[in-house]
Amino acid sequence: MEYLKIIAFTHKQIDLKSLGKLVICEHTLDDRLKNIQSELGIKEIFYVGTCNRVEFVFTSPEHIDKTFIHRFLTVLDMGLPEAYMEQFIDNVSAYEQLDAFNHLLRTSCSLESLVVGEKEILAQIRKAYEACRVAGFTGDYMRMIMNRVVKTAKEVYTHTNISKNPVSVVSLAYRKLRDLKMCANSRLLIIGAGETNRNIAQYLKKHKYSNFSVFNRTLEHAESLAKELNGTAYPISELQNYTQGFDVIITCTGATEPIITEEIYTNLLNGETDKKVIVDLAIPNDTDPAVVKNFPIHFIEVESLKEIARKNIQERYDELVHAEHIIEENIKDFDSVLRQRKIEIAMSEVPQKIKEIKHTAINGIFADEISGLDEQSRLVLERVINYMEKKYISVPMVMAKEILVKNS
């Protein structure tokens, strides 16, 4: 656990609009992480970006202080003005060793979420890790860490009531949307076909809304969601040309710049002047602030859901205590698993070394004696040697594990 580190920027210290400046576009993620690895000597790393947090989980022998974080953000090259750089450095949460592992477990169990008890965070962390694993940014150590993360989260969700009657950012947004008492035939534009929009769209479909138009950068994904909703799919490039009107826009994309500009919003209105609704769950927001300022709209965003989320934490306090106990037990257990894995790695060369000794003995040192044996004797000798080979491989491993258990 010595080298596990996390640099976290979350809703607890940073307002969500500022946090959006750290969200990395998926098209530039690989290059940015490669730079971090090469410039800072980081072996394994993965990036998590959600609607209320940006975190980097990595291994490094270096102590994480403000100087390191400044270097990290500089190499990340997000084009941050100095004022923002100072804000992020002053409000960062840095975790090392066991504290880092504990934080990752708490986050995956939604104990650190804006809304405690929502399960989406586990899926988001797994997806983020998997993307970086496939791209080659993680190895055996992070694999073990993530196996334990998933195990712990499942235990928390199974053995506590922390996710009973689940409340999530999506469900809170839907509640606020429901309070506006929209008609069932309201025209809904869904911008982005990711997990967040899929979830809120399913809420709407369940409550008999049926008039959906789905826009997404990848048309195939838009078509997939539109098929589930019996709606129509469009590439996001067609948003500026859409003239069929709308009552509600629900948007959540990974864009780093506003999708709904004043020009596009005006085109979407197509001459209509009544008050519209925008549900913007993206970080940074997909909606240009000028649209919110200059047009009559009901604007629902993640920031506005914070107060409801705070009440949710108070209501779930007893379950938090239970969940923290499960996390503590998993941390203790994982220490033994990690030490066992170190032994396995340390002894991984034993089989090959023994095979080399066997080859030298048969084909070198005792070659003449063996060649003088009859066929039956050679077969018996071969069986004896093979048996000894297996025992010389397995016995030290078993003994090492027994010693580990006794010393735990």
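Note that this is a predicted model, so its numbers are computed, not measured.
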Is it the case that the side chain of [X] and the backbone of [Y] share a donor-acceptor pair, with hydrogens and angles ignored and the cut-off at 3.5 Å?
| X | Y | result |
| --- | --- | --- |
| Lys5 | Ser60 | yes |
| Asp65 | Thr67 | yes |
| Thr218 | His221 | no |
| Asn285 | Pro258 | no |
| Arg217 | Ala255 | no |
| Tyr47 | Val54 | no |
| Asn91 | Gln87 | yes |

> side-chain contact (heavy atoms from CB on, under 4.5 Å) between Glu155 and Glu329: does it pass, once the steps are laid out?
Replying inline: CA-CA 11 Å; Glu155 287 180 10; Glu329 290 301 311; over 6 Å; no

Please find the pair of heavy atoms, one from [X] and one from [Y], that lie closest to each other, and give the distance.
| X | Y | result |
| --- | --- | --- |
| Arg198 | Leu225 | NH2-N, 3.6 Å |
| Ile36 | Ile45 | CG2-CD1, 3.8 Å |
| Leu188 | Tyr209 | CD1-CB, 4.1 Å |

> With a 6.0 Å cut-off on ring centres, are Phe137 and Phe46 close enough?
Replying inline: no

>> Between Tyr265 and Phe246 (judged by ring centroids, cut-off 6.0 Å), do the two rings come close enough to count as a pair?
In response: yes

> Taking it one step at a time, do Glu262 and Asn294 satisfy side-chain contact (heavy atoms from CB on, under 4.5 Å)?
Replying inline: CA-CA 9 Å; Glu262 280 193 278; Asn294 297 329; 3.0 Å; yes

>> With side-chain contact (heavy atoms from CB on, under 4.5 Å) as the criterion, how do Arg71 and Glu62 come out once you've worked through the C-alpha distance, each side chain's angles and the decisive distance to 0.1 Å?
In response: CA-CA 12 Å; Arg71 285 173 57 209; Glu62 292 198 44; 3.4 Å; yes

More than 12 heavy atoms of other residues, nucleotides or ligands under 6.0 Å from [atom1] of [X]: is that the case?
| X | atom1 | answer |
| --- | --- | --- |
| Glu82 | CD | yes |
| His207 | NE2 | yes |
| Glu369 | CD | yes |

> Does the distance from a Lys or Arg side-chain N to an Asp or Glu carboxylate O, for Glu223 and Lys227, drop under 4.0 Å?
Replying inline: no

>> Once rounded to the nearest 0.5 Å, what's the spacing between atom OG of Ser213 and atom CD of Glu238?
In response: 12.5 Å

